[in-house]
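What you see is a predicted model; the values in this text were computed from it and never measured. Quick note on labels: first sequence line is chain A, next is B, and so on, each numbered from 1.
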There are 2 protein chains.
Amino acid sequence: IISVQNLQKIYIMGTTQVNALQDISLDIQKNEYVALMGPSGSGKSTLMNLLGCLDTPTSGEYWLNGNQVSKMIDSELAEIRNKEIGFVFQTFNLLPRLSALENVALPLVYGGVSKKARLDKAMEVLDEVGLGDRVDHRPNELSGGQRQRVAIARALVNNPSIILADEPTGNLDTKTSMEIMEILEKIHDAGNTVILVTHEPDISEHAHRIIRLRDGLIETDEKNENI
Amino acid sequence: IISVQNLQKIYIMGTTQVNALQDISLDIQKNEYVALMGPSGSGKSTLMNLLGCLDTPTSGEYWLNGNQVSKMIDSELAEIRNKEIGFVFQTFNLLPRLSALENVALPLVYGGVSKKARLDKAMEVLDEVGLGDRVDHRPNELSGGQRQRVAIARALVNNPSIILADEPTGNLDTKTSMEIMEILEKIHDAGNTVILVTHEPDISEHAHRIIRLRDGLIETDEKNENI
Ligand SMILES: Nc1ncnc2c1ncn2[C@@H]1O[C@H](COP(=O)(O)OP(=O)(O)OP(=O)(O)O)[C@@H](O)[C@H]1O
Ligand SMILES: Nc1ncnc2c1ncn2[C@@H]1O[C@H](COP(=O)(O)OP(=O)(O)OP(=O)(O)O)[C@@H](O)[C@H]1O
Ligand SMILES: [Mg+2]
Ligand SMILES: [Mg+2]
């Protein structure tokens, strides 16, 4: 479902350049459950942004569902980002002037869903992540872990077939983390593909495959022995 | 050094109210090392903001170094926030248009330090957190864990006697987390007071005392048996 070859991402800053990703090649099948790990600054979020069609590589190719992403037109990419992929950002990226409910309902606007249906669905997902009593709060009226859960809910609201979650439990206590991991487990069991970045071994234990990055390259790519 | 009695914090939102902190009383001596834990939304960041003089309680009293904070004038509070307390925010709160170096040097401006001395000191602290090669990057040109480390460096640059760190390792891999914990250990050994919010038992293990919140109240407050 996902195939990247020789992906490279270079950031140019004036006279210096940062080689965020040097040469990444990997294949991920439908319904895999992958954990992406590695040191701070090793390129995980950069790779996730490329996989989520939120950014383009400096060189290399990306095939998603058999289609070459670099050849897609904007409307195709927008459709994929909205309908096929659910992206949980490491820094949440919520809209500050919208409530939790409105933030979560936003991806549904694109699909032409009626307002009532959008708010009902958003309510349902917010309930699922334990925020049923916080739906009218704006992001700055929420705790760090609550904002993180709104970001997670927003990623799930369109029932996407690929979940890209960048550190989804970084701000959550153990009990709430486990609730989120159960939600991801259900999504995976339903046949979808889950790729999550994490620093925590307890979280990566839920994945079936663990890919480790270092300095923009794949260091190891192995099955999770404990599953 | 820190004494709070019957602290209460209520957020009013239109017709509803959120009792973020209900009735918090505790004493923290100079040179203690405290971990503050508890579920997402239990009031940890709210309490940290009150301790850091970044917010005022709805009721209750706070004595810092023997002085009653509610009676202080703005200039006294500003001095404390700048010189006495180093605060690491859960969501970093970096200035987006300043580089990492400028962000870290900012607290030194208040103290009338020369520009060269400010940048030298900021450079030194950024080196200490492993970001010596990222000093000119702005926050959006940094990884999540790098932004977190800039926030930590900024909190340390004035050599404060009280460190309030709200989830300082949430976005860091194990190795980098341990480097940060070593820095906090050194600061503690030098006689300073460290209070850190964390969700991770591995991190709380470094503290000598663990306070757990639940629903805006102290649930447990105990010595760390393993130290
Ligand atoms: N400005 C605000 N207006 C209304 N409610 C608020 C506001 N800020 C925080 N809250 C609520 O107060 C409660 C405590 O928030 P706080 O940020 O202290 O939690 P926390 O323990 O730090 O959680 P986390 O572990 O998720 O960071 C939460 O339930 C939150 O929704
Ligand atoms: N816009 C940018 N301009 C310049 N350099 C950048 C930019 N964005 C990221 N970088 C650099 O690229 C490298 C990879 O960043 P990335 O965000 O992918 O790391 P990461 O593995 O997600 O780290 P973390 O675990 O800390 O979140 C980092 O060293 C970072 O400083
Ligand atoms: Mg990242
Ligand atoms: Mg918090």
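For a residue to count as touching a neighbouring chain, one of its non-hydrogen atoms must lie under 4.5 Å from one of that chain's; by this rule A:Asp136 touches chain B with the backbone only. For A:Glu141, the part lying near chain B is the side chain, with the backbone staying farther off; criterion is any non-hydrogen pair under 4.5 Å.
Under the 4.5 Å side-chain criterion, counting only non-hydrogen atoms from C-beta, B:Ile10 is not in contact with B:Val18.
The structure places NE2 of B:His206 at 4.5 Å from CE of B:Met181, a figure rounded to the nearest 0.5 Å.
Within 6.0 Å of the CZ atom in A:Arg212, the count of heavy atoms belonging to other residues, nucleotides or ligands does not exceed 12. For CG of A:Asp74, the number of neighbouring non-hydrogen atoms (other residues, nucleotides, ligands) closer than 6.0 Å is 12 at most.
In terms of heavy-atom pairs under 4.5 angstrom with chain A, the leader among B:Leu172, B:Leu142, B:Asp133, B:Thr91 is B:Leu172. The choice from B:Asn171, B:Thr176, B:Thr169 that makes the most heavy-atom pairs within less than 4.5 Å of chain A is B:Asn171. Between chain B and the options A:Ser40, A:Gly130, A:Gly41, heavy-atom pairs under 4.5 Å are most frequent for A:Ser40. Here A:His137 is the residue among A:Lys175, A:Glu167, A:His137, A:Met37 with the most heavy-atom pairs under 4.5 Å with chain B.
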Residue pair B:Leu94, B:Arg147: steps toward the side-chain contact (heavy atoms from CB on, under 4.5 Å) verdict: CA-CA 8 Å; B:Leu94 302 177; B:Arg147 287 178 214 175; 4.1 Å; yes
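Using the six-membered ring where Trp is involved, A:His188 and A:His208 have ring planes that are perpendicular, over 60° apart on the 30 and 60° scheme.
Salt-bridge annotation for B:Asp166 and B:Lys44: absent, with no side-chain N of the basic residue lying under 4.0 Å from a carboxylate O of the acidic one. Under a 4.0 Å N-O distance rule, the pair B:Glu179/B:Arg149 does not qualify as a salt bridge.
Side-chain atoms of B:Gln22 and B:Asp215 form no donor-acceptor pair, as typed in the model, at a separation below 3.5 Å.
Contacts of residues 45-59 of chain A with chain B at a heavy-atom distance below 4.5 Å are absent; not one residue qualifies.
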